[in-house]
Every structure is written in structure tokens, then in C-alpha cells.
Amino acid sequence: MNTTEHNLKLYNSLKGQKEAFKPLHEGHVGMYVCGPTVYYDVHLGNCRTFVSFDIIYRYLQHIGYQVRYVRNITDVGHLTDDGEDRMAKGARVAQLEPMEVAQKYTVGFHDMMRIFNTLPPSIEPRATGHIPEQIQMVQDIIEHGYGYERNGSVYFNVRKFDRENPGAYGKLSGRVLDELLAESRDNLKSQDEKNDPADFAIWMKARPGDIMVWKSPWSVGFPGWHLECSAMSTKYLGQTFDIHGGGNDLKFPHHENEVAQNMGACGCAPANYWLHTNMLLLNSKKMSKSDGNFITPQDLFSGENDLMSKAYSPMVVKFFMLMAHYRSTLDLTDDGLLAAEKGYRKLMETNKLLQQLQPDARDFDGSESDTDRAILALIDEAYAGMDDDFNTAIALAALNEMGSYVHKLVNKQIDASEIAPWVIERLKTIFNLFITDIFGLRDEAGADNADGTVDGLMELILDIRKAAREQKDWPTSDKIRDGLAAVGIAVKDGKEGSSWTKN
RNA sequence: GGUAUCGUGGCCGAGGGGUUAGGCACAGGUCUGCAAAACCUGCUACAGCGGUUCGAAUCCGCUCGAUACCUCCA
């Protein structure tokens, strides 16, 4: 597929509007996404963001771009309210080495990303693996006059940066520096070392008891939270690259400070397009670890929670996410998931039926029918949806409508001659591409059938039932159907014989 | 308090000046040994009040409500 066939538009937080996407280098995309801080189990909100960017990554590749997707692992420098490093705190609480904590939750994070069937990024750098780069960046910032040292810590001079680069600070998050300072909730925190409350640390001197520390020209200490992303995006994608993404809640201060650091270090803006995913809500409130309003993916998958009526599988949850646009908040509810479960199963079943369809060229009467045109229009609609800021909801709606044609065809409610064989072939290809390559959905029903044993057994059973039905032996026929239902297999009788699905 | 976003039918959720979103649920129908599935039909909504316009759910203003951010968060 040629990228020129698509005029991809995306919503750029930097401009506050949708823009045509123009990569720096024809055919190539550099994308950086802020990854998780690995001090605790991932929660669903994280998952939504990474699923969203996974689909963006997949789609960019699908339409022909060569993408370098960098997503970091934050394993140092992220402070809690009381000033303790998140990693160090996690380690102290669990009596582990900080690296054990990081390793444990990194593995957990990767497992979860696999469960959601997301692709691994091209590069997944760790903050602790890039201390020299971060120290170098602090030095660059100091050299450009935007950093100052105070008792071994180094701070970014936001006021000066704002003065010399009017409008640069606050552009991304839509803030005005002066208002920010005046209205900030509690700017009276112990920040005596800073010249100005808006300044932020880029290097922090270790205090007694700190365990994650490195030597630097200023002190033994550790880098500031925002610095890692600036340093690692520069290292792997260059000083200026195409797309920078992350959750909406990182827009300020994290991303704003990132921009300032990059500009402060190299004099140029880091990313041309900033993409922000919206929050996953639970009970109409932001899902958040810190205020207890969250549900773990594990509990959602197992059904062991007080919030949902039953267990929901990973692909159902992913499908639920796809039903909404990534820039909208999404409220996780039992009803919503129930609807998603039905929708997901139907879509997968439709795909299975479609892939089994054998178009018969002899049925085709040679003319282009309304049905052909309708199906081709729906394919265009699905692509148009994705081209318009990755609108999975639109694409999904188009797939559902395509699915309606598939069933009509299978049920002989429309005649095979109404659809040209090449249209069927195209439908088969595109439908499957959307489900597997673009959305990254897996058919969970077939997951335990890798060697075909179940298929073989089912064929035999349905064969016996068919024979019984031909002899109008309803008790046997119904016994088979009820027995299968008891183990979660639904038998569906159609015009062309019976099929089955596993719930 | 400041800033932003949003308020869509029973539920979830797209869209965004005139033309069906889609899914789920519900009702009726077709098919079927029965059922399920599938298909068809119905339910046609945009918080409230003003304004702009030939025309507004869509643009503007105000009101109400919700959410998010304002140096912990994806």
C-alpha cells in the first residue's frame, strides 16, 4: 500500500487542531511514546494508552510507513509527593533492590502488552540505561544558559526560557506562565532552592539514604523525571522527530517541560506532532491508582471484582476500547463491556464465515452491481475513518456493515451473482487486515485449538447430529446441542448446515 | 479559583450547518422440527435558554451539569 493513497490527518495537541500528516523524511516516521513507570502493576488506564498507540503504530505501518517506535521504561527519577523516588520507595516497601522492582513490573507490563496483543516497540530504552545521555543534556542546557546549579542540584530556568522564547512554554498545554504561578494550588512547597516556583529539577542531589544515585559534575544524585524522555527521544529519533505521544495527564507538566528541555538543549522543538490519548474512566471518574479508583486488568479478566457482573476477556476489553475514539474519555461500565463482548464475538464469527466463503466465478454475471459498489464504499469508509485521526469507531462501524453483507451471502439472502468475485476477495483481505493487522484482535474462541483437535471433534459431533436430524431423531439432536451448550459451545443451524462457536 | 474538554436515543458510543453512524438492549417479522444464530422492520436522539442562518444536534453567547489538568499519574 502506498502512503500517498491516504491523506492521513491527525490531531496535533500543539496546534489544537487536526492537520495533514507530513513526515520529516518521506516514507519514514519517528514516534516516541511515554511508557510506564515500573514501580507497580500496570492498570487499565495505562493499557488503553498503549493499545491506542499500538493501533496508531500498526496503521502507520499498514499504510506503508517505516516506523521507528520508541517507548521508554521509566525506572528512576519519578518522585512521589514526599520527594522519594517511586522506584526507591517501591524497593524500600518490598525490601528489594530497585532494579528488582523495575524488573518485576517491566516483566508484568510486557506480559500485559502481550495479552492485549500489542506489538513491541522498535526500541524500549530505560531511563537508568541512559544516565550519561541525561547528564550530557543537563550540560547542554546549562551551556545554553537555561540551567543553574544550586547545592549540587540543577534546575531549569523556566522564566528565562519563557523570556527568550516567547510563547514556547505553555504552548502545548495551553498555559500562560504568569497565570500558572499565580493560580497554582500550592506553590509554597519547600522549593527554596529554586529561583522561581515554575523552575523544575533536571538533576537532583542525593540525600542521605537515597539508593539510586549516579555521579555527575554537580553531585552524586539522579536525573529529573522529565529529562529521560528528552534525552532518549533525541538519542534514538534525533533532535526533531515526527510524533510524540502519551496520556493526556502527561501534557502538563511532563511534556511541557520536555519541550522546554529539548529547546533549551538544542534550540529546536522536539516533535512536530503531539498526540494525547484521553483517560479511561471508572464510575465516571478518572481511573487512578493514587486515589483508589481503579480495577486491575487481572481482576477484570478473572471476574474477581465487585464492579462487574462477570469476567471479560482481554480482547473484549480491547474491542471496547476500539469502540471509542482515542481522544475521548471512555467510561468502563458493565453494560458497555457486555455490549462489547457481543460485538466482538459477532465480528470474529463474521470474519470466520467470510474467510470460508468460496466465490464461484460462474455465479458472476459480469456487471457491477449496487452491492459491489456498496461493499467497496464501506471499505473506503473504514480507511477514511482511520485516516481521520485514527478513528477506530468509524472503521468498526464500517466493518459491521460489511459483516451484514457477509451474513446475507452466507444465508443466501443475496445471490452470489450480485457480488463480483474480486470484490469478495478484496472484502476477505481487507476485513481480515483490519481485524488482525490494524486492530490487533485475536480470535480467542480458537485460541485453544492450535492443533485442530477441537475442529476435528466438532466436525464429527456435528456430523452425527446431522444424521440424527435427517432421521428426525430430535431427542438425539437436542441432546448433542444441549450437551455442547453446557460446555460453552453454541451450535448454529444455517441453510448450509451447522456451525459452532465457543463462548 | 484558573484553564481546557465534554453533555447525543433504554445503555455504550461516532459524527459535527440540510442526507442511516455502529454496537448492545427491546418489539414485530422471515427462516427453522423447536431453539439459537443470521437477515428484515420499528424505536430517529443530540442538557437548557437566546442568537447567527433559508436551514443548527452541529457555529456564537449565556446558564446548568460533568470530567480533566494546574509540578504523583497513561
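By convention in this document, chain letters (A, B, ...) are assigned in the order of the sequence lines, proteins followed by strands, and residues within each chain are numbered from 1.
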Is [X] close enough to [N] that one of its side-chain N or O atoms is under 4.0 Å from OP1 or OP2 there?
{"X": "A:Lys251", "N": "B:A4", "value": "no"}
{"X": "A:Lys285", "N": "B:A68", "value": "no"}
{"X": "A:Asn248", "N": "B:U5", "value": "no"}
{"X": "A:Asn46", "N": "B:A74", "value": "yes"}
{"X": "A:Lys346", "N": "B:G22", "value": "no"}

Please report, rounded to the nearest Å, how far the [atom2] atom of [N] is from the [atom1] atom of [X].
{"X": "A:Met386", "N": "B:G15", "atom1": "CE", "atom2": "P", "value": "13 Å"}
{"X": "A:Asp388", "N": "B:G16", "atom1": "CG", "atom2": "C1'", "value": "11 Å"}
{"X": "A:Asn391", "N": "B:G22", "atom1": "CG", "atom2": "P", "value": "15 Å"}
{"X": "A:Tyr11", "N": "B:G16", "atom1": "OH", "atom2": "P", "value": "13 Å"}
{"X": "A:Asn283", "N": "B:A66", "atom1": "CG", "atom2": "C1'", "value": "14 Å"}
{"X": "A:Leu282", "N": "B:U67", "atom1": "CG", "atom2": "P", "value": "13 Å"}
{"X": "A:Asp334", "N": "B:C24", "atom1": "CG", "atom2": "C1'", "value": "12 Å"}
{"X": "A:His255", "N": "B:A4", "atom1": "NE2", "atom2": "C1'", "value": "17 Å"}

Does a side chain donor of either [X] or [Y] reach within less than 3.5 Å of an acceptor in the other side chain?
{"X": "A:Glu124", "Y": "A:His110", "answer": "yes"}
{"X": "A:Ser417", "Y": "A:Asp415", "answer": "yes"}
{"X": "A:Asp199", "Y": "A:Tyr146", "answer": "no"}
{"X": "A:Asn72", "Y": "A:Glu228", "answer": "yes"}
{"X": "A:Thr501", "Y": "A:Glu349", "answer": "no"}

In whole Å, measure the gap between the [atom1] atoms of [N] and [M] for me.
{"N": "B:A14", "M": "B:U30", "atom1": "C1'", "result": "31 Å"}
{"N": "B:G29", "M": "B:U53", "atom1": "C1'", "result": "44 Å"}
{"N": "B:A21", "M": "B:G15", "atom1": "P", "result": "14 Å"}
{"N": "B:A47", "M": "B:G13", "atom1": "P", "result": "15 Å"}
{"N": "B:G22", "M": "B:G16", "atom1": "P", "result": "16 Å"}
{"N": "B:G10", "M": "B:C49", "atom1": "C1'", "result": "27 Å"}
{"N": "B:C31", "M": "B:G9", "atom1": "P", "result": "36 Å"}

Which atoms form the tightest heavy-atom contact between [X] and [Y], and what is the distance?
{"X": "A:Ile424", "Y": "A:Leu409", "answer": "CD1-CD2, 3.3 Å"}
{"X": "A:Pro297", "Y": "A:Val42", "answer": "CD-O, 3.5 Å"}
{"X": "A:Arg150", "Y": "A:Glu193", "answer": "CG-O, 3.0 Å"}
{"X": "A:Ala127", "Y": "A:Val76", "answer": "CB-CG1, 3.9 Å"}

Minimum side-chain heavy-atom gap A:Arg465-A:Thr476 below 4.5 Å: no
Test item: A:Tyr32 and A:Met232 side chains (from C-beta on) under 4.5 Å apart, heavy atoms: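 The answer is yes; the side chains approach within 4.5 Å.
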Base, sugar-phosphate, or nothing: which does [X] touch, judged by heavy atoms less than 4.0 Å apart?
{"X": "A:Gly246", "answer": "sugar-phosphate"}
{"X": "A:Glu401", "answer": "sugar-phosphate"}
{"X": "A:His43", "answer": "base"}
{"X": "A:Ser284", "answer": "sugar-phosphate"}

Examine distances only and state if a side-chain atom of [X] and a backbone atom of [Y] form a donor-acceptor pair shorter than 3.5 Å.
{"X": "A:Thr392", "Y": "A:Leu322", "value": "yes"}
{"X": "A:Ser477", "Y": "A:Arg469", "value": "no"}
{"X": "A:Asn305", "Y": "A:Asp299", "value": "yes"}

Test of ring centre spacing under 6.0 Å for A:Tyr11 and A:Phe390: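 Aromatic pair excluded; centres sit 6.0 Å or further apart.
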is_close_aromatic(A:Phe156, A:Phe161), centroid dist under 6.0 Å: yes
Counting only pairs under 3.5 Å, give me each side-chain donor-acceptor contact of residues 48-60 of chain A, with atom names and distances, residues two or more places apart or in other chains.
residue: A:Arg48; atom: NH1; partner: A:Asn278; partner atom: O; Å: 3.1
residue: A:Arg48; atom: NH1; partner: A:Met279; partner atom: O; Å: 3.1
residue: A:Arg48; atom: NH1; partner: A:Ser328; partner atom: O; Å: 2.9
residue: A:Arg48; atom: NH2; partner: A:His325; partner atom: O; Å: 3.0
residue: A:Arg48; atom: NH2; partner: A:Ser328; partner atom: O; Å: 2.8
residue: A:Thr49; atom: OG1; partner: A:Thr277; partner atom: OG1; Å: 3.0
residue: A:Ser52; atom: OG; partner: A:Arg48; partner atom: O; Å: 3.0
residue: A:Asp54; atom: OD1; partner: A:Leu119; partner atom: N; Å: 2.8
residue: A:Asp54; atom: OD2; partner: A:Arg58; partner atom: NE; Å: 2.7
residue: A:Arg58; atom: NH1; partner: A:Thr436; partner atom: O; Å: 3.3
residue: A:Arg58; atom: NH1; partner: A:Asp437; partner atom: O; Å: 3.0
residue: A:Arg58; atom: NH2; partner: A:Asn117; partner atom: O; Å: 2.8
residue: A:Tyr59; atom: OH; partner: A:His6; partner atom: ND1; Å: 3.3
residue: A:Tyr59; atom: OH; partner: A:Asp387; partner atom: OD1; Å: 2.6

side-chain contact (heavy atoms from CB on, under 4.5 Å) evaluation trace for A:Trp500 with A:Lys492: CA-CA 6 Å; A:Trp500 61 280; A:Lys492 299 170 182 178; over 6 Å; no
Which atoms of nucleotides 44-46 of chain B (N or O only) lie under 3.5 Å from a protein N or O atom, and what are those distances?
none

Proximity to the side chain of A:Asp249 - top-ranked nucleotide from B:C70, B:A74, B:C39: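 The nucleotide sitting nearest to the side chain is B:A74.
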Nearest to side-chain heavy atoms of A:Lys492, which nucleotide of B:A74, B:A37, B:A14: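 The nucleotide sitting nearest to the side chain is B:A37.
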Summary of protein contacts for nucleotides 29-34 of chain B, nucleotide by nucleotide, where a base hit scores B, a sugar-phosphate-only hit scores S (4.0 Å, heavy atoms): ----BB
Sugar-phosphate or base contact per nucleotide [nucleotides 6-13 of chain B; S, B, -; heavy atom under 4.0 Å]: -----SBS
Upstream residue (5' side of RNA chain B) when A:Gly403 and A:Val491 are each assigned their closest nucleotide: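 By nearest-heavy-atom nucleotide position, the 5'-most residue is A:Val491.
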A:Phe319 vs A:Glu349, nearer the 5' end of RNA chain B by closest nucleotide: A:Phe319
Positive for ring pair (Phe, Tyr, Trp, His ring centres under 6.0 Å) with A:His276, one of A:His255, A:His244, A:His254: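 Result for ring pair (Phe, Tyr, Trp, His ring centres under 6.0 Å) with A:His276: A:His255.
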Hey, what are the protein-to-nucleotides 25-28 of chain B N/O distances that come in under 3.5 Å?
residue: B:A25; atom: OP1; partner: A:Lys342; partner atom: NZ; Å: 2.7

Which nucleotides of RNA chain B pair, in dot-bracket form (Watson-Crick or G-U under 3.5 Å, | meaning another strand): (((((((..(((.....[...))).(((((.......)))))....(((((..]....))))))))))))....
